[in-house]
2 protein chains.
Amino acid sequence: MTQAKRAAPARATAWVLENKTLSPVEQAYNYILQGILSGELAPGMRVPSESVAEALGISRMPVRDALRRLEGDGAVTIYANRGATVAEYSHDDVIQLIEMRAVLEALGARLALAHIGDAEMEEFVHLRERMDRAVNDLPNWITRHDDFHNYLTSLSRRPLLMRQTERIRMMLRPYFRRHHAEQQELEIPGHEHQKIIDAVASGNPDVVEQTVRAHALANVEKIANLT
Amino acid sequence: MTQAKRAAPARATAWVLENKTLSPVEQAYNYILQGILSGELAPGMRVPSESVAEALGISRMPVRDALRRLEGDGAVTIYANRGATVAEYSHDDVIQLIEMRAVLEALGARLALAHIGDAEMEEFVHLRERMDRAVNDLPNWITRHDDFHNYLTSLSRRPLLMRQTERIRMMLRPYFRRHHAEQQELEIPGHEHQKIIDAVASGNPDVVEQTVRAHALANVEKIANLT
DNA sequence: GCGCGGATAATTGGATACAATAATACTATT
DNA sequence: AATAGTATTATTGTATCCAATTATCCGCGC
């Protein structure tokens, strides 16, 4: 069990950029994830390693690796001897995920306050406007919406927290899509998110945390009821 | 001629307890995780798939699967073409993890209130006592400590939340071990945790949430400074 | 028509083999 | 002696093959 300790290699954060040809595992990972995020692969659908392998012209082995990683991300569920399916979250699961996201993003927002100046406030308004402009284009709007929240969380300078919230958001993606697709209008332009901007502008950590938390929990029931 | 049967591990690997033939992936997963939790495998140590496979009498393939899952759990880090190492978290990382655990467990505690009656209160006291009795046995105390917190979180009836907090606790395990090992005494028996019990007894959600959160953040700096 | 077995097909799990990559050791050259 | 470049070794990544499990289909009996 014991292994010689050796200095861990430097964290390669930029390997994506220099690698033009993605490795088979990465191809498979991106391919499947894209399918889930885009909505092509709906919750419950099977993801046979064979068909993915064939589609990408690789063997099943890297696909399996990719599926394991996606399982860790909560994007797919792997049943023993029965393969992988796009993760399906129940009514209660969705509630839990939203609750978790709420407290985590609220925490992120609170911690972000320390790093917010005029430039950042401007950026918030900018992001809100971009969101509003995409109000009639659902896929685009979802992206912009995520941009807004991710930016706020990113200002906390907490990469692990960021990663966590992104992960949960990814898990919820299919259900948010469904929810927004059924709404007549996505949001009275900017209204909800302006409240967050105002809270941030106030500079009060408790207010910020509470506002973001409430925002995330806003229509938890409506979303969960779709499942 | 008849093909030789799949070689059942001829060597009776002194394996944990009587288990009903865990699949190779599960064996590898448990084996590595156990090594990390027990402290045998310290952060930064390499975990070559070959040696694990050999130790368990299986091939490298299921070990790879296990490592991928552990990567998703945050227990190991996999560098492309350079294998897996036990996940190493920096000073800042540890702070983030503790912060996340704080808000998530605080949320869990708040939600648990709805499911707490006399029987549960008794169980809390029971668990605290077990913890106190193990005060001179570090590994055991850590287990009891986790038992206490996991029980509280479990009462929220939020499996995903539970899983998340357990995951984070696992990531932090090596650093907590280090922290507690350096402490003269683990805790004025029951003192800190009695405060949580009292808060729960009060039945006030805000108090509970705040208390649990404060408890988790109690010595974040001391722990993080060890890295 | 409906359920129940048993054969058959489809799909995953695991092992071996080989290729690719990174780490290490070595040699030659300055 | 230091270093750069090369050869060697160790380890990981991928492909292919076979076994095992699960799902499907079909005939049979009620």
Side-chain angles (χ1 to χ4, degrees), chain A residues 1-12 14-16 18-32 41 44-72 76-87, chain B residues 1-11 13 15 19-32 41 44-71 76-87:
Chain A
M1 166 67 79
T2 55
Q3 288 300 320
K5 174 161 183 166
R6 187 166 64 186
R11 262 171 230 273
W15 60 270
V16 199
E18 52 202 45
N19 238 17
K20 294 253 188 284
T21 69
L22 283 79
S23 76
V25 230
E26 287 153 356
Q27 286 181 51
Y29 183 88
N30 293 338
Y31 179 78
I32 301 167
L41 286 173
M45 278 189 177
R46 300 190 63 184
V47 187
S49 51
E50 176 59 38
S51 55
V52 175
E54 197 181 358
L56 296 174
I58 59 181
S59 86
R60 275 174 33 219
M61 209 53 50
V63 178
R64 284 185 42 178
D65 268 14
L67 285 172
R68 288 288 186 194
R69 269 174 41 187
L70 287 164
E71 183 190 29
V76 307
T77 310
I78 297 181
Y79 301 97
N81 292 316
R82 266 179 293 172
T85 64
V86 178
Chain B
M1 68 171 290
T2 58
Q3 173 87 11
K5 287 239 182 70
R6 173 194 299 275
R11 80 173 83 52
T13 37
W15 189 242
N19 51 2
K20 8 187 209 178
T21 57
L22 289 140
S23 77
V25 228
E26 287 161 340
Q27 286 181 50
Y29 183 88
N30 293 338
Y31 179 77
I32 300 167
L41 286 173
M45 279 187 180
R46 300 190 62 190
V47 187
S49 52
E50 175 60 39
S51 55
V52 175
E54 196 181 358
L56 297 174
I58 58 180
S59 85
R60 276 172 35 221
M61 212 51 51
V63 179
R64 283 175 50 103
D65 269 12
L67 284 171
R68 289 289 186 195
R69 268 173 44 184
L70 287 164
E71 183 190 28
V76 307
T77 310
I78 298 180
Y79 301 96
N81 291 314
R82 265 176 294 176
T85 64
V86 178

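- With C:dT11, D:dT12, C:dG14 as the choices, the nucleotide that has an atom nearest any side-chain atom of A:Arg64 turns out to be C:dG14.
- Residue A:Tyr79 contributes atom OH, which lies 18 Å from atom P of C:dT11 at whole-angstrom precision.
- Of the residues in residues 80-87 of chain A, A:Asn81, A:Arg82 come within less than 4.0 Å of DNA chain D through at least one heavy atom, sorted by number.
- Going from atom CG of B:Leu41 over to atom CD1 of B:Ile32 covers 8.0 Å, rounded to the nearest 0.5 Å.
- When rounded to the nearest whole Å, the span between CD of A:Glu71 and P of C:dT12 equals 14 Å.
- In this structure, A:Arg68 atom CZ and D:dG13 atom P are separated by 16 Å, rounded to whole Å.
- When all heavy atoms of A:Ala66 and A:Tyr29 are compared, the closest pair comes out as CB-N, 3.6 Å.
- Nucleotide C:dT11 holds its C1' atom 13 Å from the CG atom of A:Leu67, rounded to whole Å.
- No side-chain heavy atom of B:Thr85 sits less than 4.5 Å from a side-chain heavy atom of B:Val76.
- Scanning both residues, B:Ala84 and B:Ile78, for their nearest heavy atoms gives CB-CG1, 3.9 Å.
- In terms of the side-chain contact (heavy atoms from CB on, under 4.5 Å) criterion, residue partners of B:Ser59 (sequence neighbours excluded) are, by chain and number, B:Met61, B:Pro62.
- Atom CD1 of B:Ile78 and atom P of C:dT21 are 18 Å apart (whole Å).
- Distance CG (B:Asp65) to P (D:dG13): 12 Å, rounded to an integer number of Å.
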A:Glu26 vs A:Ser23, side-chain hydrogen bond (donor to acceptor under 3.5 Å, both in side chains): CA-CA, chis, key distance, verdict | CA-CA 5 Å; A:Glu26 287 153 356; A:Ser23 76; 3.2 Å; yes

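- Scanning residues 55-63 of chain A for heavy-atom distances under 4.0 Å to DNA chain D yields A:Ile58, A:Ser59, A:Met61, A:Pro62.
- Of all nucleotides listed (C:dG14, D:dT12, C:dT12), D:dT12 comes nearest to the side chain of B:Glu50.
- Side-chain contact between A:Val52 and A:Val47 is present, with at least one heavy-atom pair separated by less than 4.5 Å.
- Heavy-atom minimum distance, A:Ala28 versus A:Leu56: CA-CD1, 3.6 Å.
- Pairs passing the salt bridge (charged side-chain N to carboxylate O under 4.0 Å, His left out) check and including a residue from residues 55-68 of chain A, sequence neighbours excluded, read A:Arg64-B:Asp65, A:Asp65-B:Arg64, A:Asp65-B:Arg68, A:Arg68-A:Glu71, A:Arg68-B:Asp65.
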